[in-house]
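So the structure is just underneath, and the comments pick up after that.
All values below come from the heavy atoms of this structure, side chains included, with hydrogens, waters and symmetry mates left out. Sequential numbering from 1 along the given sequence is applied to the chain's residues.
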Amino acid sequence: MILLRSLLFAIVLAIVTPPYAIFGFLTFPLPPRVRHRIITSWAPLVMWFVWHLLGIRYKVLGRENIPAGPAVILSKHQSAWETMALQVIFPPLCFVLKRELLKVPFFGWGLAQIPGIAIDRKAGKDALAQVVEQGRARLAEGFWVVVFPEGTRVAPGTTRRYKPGGAWLAQKAGVPVVPVAHNAGEFWRRNAFLKRPGEITVSVGPVIDPTGLEAAEVNARAEAWVEDEMRRLFPHHYRREPSPAVA
């Protein structure tokens, strides 16, 4: 059954995504907010199939922590699921992403028309400057910014060093940080064709106000909350040891 569901979902993606991407590419003359609204309507549509075909549901804890104005989201990254789900859970947002993704046929073409932050990861320190420059512009336009501070998808129960780019952007732009923990990787693993049914828990943490703080401190607070929340909600993935940030 899991194989059949996963196969049907892959077929649906192959059918739905190319027309959306082509249509999205043709929206380039429109204002950014309009382009964003049109192109990102793909996400709730696909999430419907994620629920009804794959049997993957989700619940959100801490909705009351979502602020009214734009913010920087520092989220755990375990799968492709959260790149769709965060668009449904939060106000209009954009992602910090690799510039190479914009070259992917169909998907990348449509993605290029969504106001976002495309960086050259080989640029070293210049990549951080790209995040701040483009991120401040997106925030000024009213978009939230999603940053996956670990830089790549990580398996459940593991963590990588939190890079400071998202915290640096929040500190420079004077907007709050919203930490997010979840267990999407339990059901939708990295590069896995088979997706298992179940309920994903997304936890939205208390806002971190960067006023008067160094970016490193903002980053450390976000890391501490996310990693401790992961251990609190999903202890079966962790040994009995404190998070790296607390240790």
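Thr17 contributes no side-chain N or O that, together with a main-chain N or O of Ala14, makes up a donor-acceptor pair within less than 3.5 Å. Checking side-chain atoms of Gln87 against main-chain N and O of Pro44 turns up no donor-acceptor pair under 3.5 Å. Remark: side-chain polar atoms of Glu150 are paired, donor with acceptor, to backbone N or O of Arg160 under 3.5 angstrom.
Taking every heavy atom of both residues into account, Lys195 and Ser6 meet most closely at N-OG, 3.0 Å. Nearest heavy atom pair, residue Phe234 against residue Thr201, reads CZ-O, 3.8 Å. Here the closest non-hydrogen pair linking Gly165 and Val131 is O-CG1, 4.1 Å. Looking at every heavy atom in both residues, Ala222 comes nearest to Leu74 through CB-CD1, 3.6 Å. Minimum heavy-atom separation, Pro197 to Phe187: O-CD2, 3.5 Å.
Counting Ile, Leu, Val, Met, Phe, Trp and Tyr side chains that sit under 4.5 Å apart, directly or through other members, Leu7 shares a hydrophobic cluster with Ile2, Leu3, Ile11, Ile15, Phe193, Leu194. Grouping Ile, Leu, Val, Met, Phe, Trp and Tyr residues whose side-chain heavy atoms lie under 4.5 Å apart, directly or via other members, leaves Trp51 alone, with no other cluster members.
Tyr162 and Val154 are not part of a single hydrophobic cluster, where members link through side-chain heavy atoms under 4.5 Å apart. The hydrophobic clustering, which links ILVMFWY residues whose side-chain heavy atoms are closer than 4.5 Å, places Val16 and Trp188 together. Each of Phe23 and Ile39 belongs to its own hydrophobic cluster when Ile, Leu, Val, Met, Phe, Trp and Tyr are linked at side-chain heavy-atom distances under 4.5 angstrom. Leu13 and Met47 end up in the same hydrophobic cluster when Ile, Leu, Val, Met, Phe, Trp and Tyr side chains are linked at under 4.5 Å.
Contact check for Trp42 versus Leu45: no side-chain heavy atoms found under the 4.5 Å cut-off. You'll find the side chain of Leu86 reaches within 4.5 Å of the side chain of Ser75, heavy atoms only. Taking the side chain as every heavy atom from C-beta outward, Arg189 and Pro156 approach each other to under 4.5 Å. Under the 4.5 Å side-chain criterion, counting only non-hydrogen atoms from C-beta, Thr40 is not in contact with Tyr20. Annotation: side chain of Leu97 is not in contact with side chain of Ile119 (no heavy-atom distance under 4.5 Å). Considering only heavy atoms from C-beta on, Val146 stays 4.5 Å or farther from Val96 through its side chain. Using a 4.5 Å heavy-atom threshold, the side chains of Phe148 and Glu82 count as touching.
Summarising the geometry, atom CG belonging to Leu4 is positioned 9.0 Å from atom CG belonging to Leu53; distances are rounded to the nearest 0.5 Å. A distance of 10.0 Å separates CH2 in Trp225 from CE in Met230, rounded to the nearest 0.5 Å. Annotation: the span from Asn191 atom CG to Ser79 atom OG amounts to 10.5 Å, rounded to 0.5 Å. From Asn219, atom CG reaches atom CD of Glu214 across 12.5 Å, with rounding to the nearest 0.5 Å. The distance from atom CD of Gln134 to atom CG of Leu169, rounded to the nearest 0.5 Å, is 10.5 Å. Rounded to the nearest 0.5 angstrom, Ile89 CD1 and Met84 CE are separated by 11.5 Å.
Every side chain to side chain donor-acceptor pair (under 3.5 Å) that Asn183 has, sequence neighbours left out, goes to Glu186. The side chain to side chain donor-acceptor pair (under 3.5 Å) test applied to Arg221 returns Glu217, not counting sequence neighbours. Among residues two or more places apart in sequence or in another chain, the side chain to side chain contact (heavy atoms under 4.5 Å, CB included) test is passed with Asp209 by Thr211. Partners of Glu141 according to the salt bridge (Lys or Arg N to Asp or Glu O under 4.0 Å) rule, which considers only residues two or more places apart in sequence or in another chain, are Arg138. For Gln78, there are no side chain to side chain donor-acceptor pair (under 3.5 Å) partners, not counting sequence neighbours. Qualifying side chain to side chain contact (heavy atoms under 4.5 Å, CB included) partners for Arg232, counting only residues two or more places apart in sequence or in other chains: Glu229. His52 pairs by the ring pair (Phe, Tyr, Trp, His ring centres under 6.0 Å) definition with Trp48, not counting sequence neighbours.
The environment of CD in Glu133 is sparse: at most 12 heavy-atom neighbours from other residues, nucleotides or ligands sit within 6.0 Å.
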Mind listing the side-chain donor-acceptor pairs of residues 54-71 below 3.5 Å, one per line with the distance, residues two or more places apart or on another chain?
| residue | atom | partner | partner atom | Å |
| --- | --- | --- | --- | --- |
| Asn65 | ND2 | Val204 | O | 2.8 |

For residues 24-34, which side-chain donor-acceptor pairs fall under 3.5 Å, sequence neighbours excluded?
| residue | atom | partner | partner atom | Å |
| --- | --- | --- | --- | --- |
| Thr27 | OG1 | Gly24 | O | 2.5 |
| Arg33 | NH1 | Gly142 | O | 3.4 |

Atom pairs and distances, donor-acceptor, side-chain atoms in residues 172-182, under 3.5 Å, two or more places apart:
| residue | atom | partner | partner atom | Å |
| --- | --- | --- | --- | --- |
| His182 | ND1 | Ala184 | N | 3.1 |
| His182 | NE2 | Lys76 | O | 2.7 |

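Taking the six-membered ring for Trp, Phe95 and Trp144 have ring centres at least 6.0 Å apart.
Taking the six-membered ring for Trp and thresholds of 30 and 60 degrees, Phe143 and His36 have ring planes inclined between 30 and 60 degrees apart.
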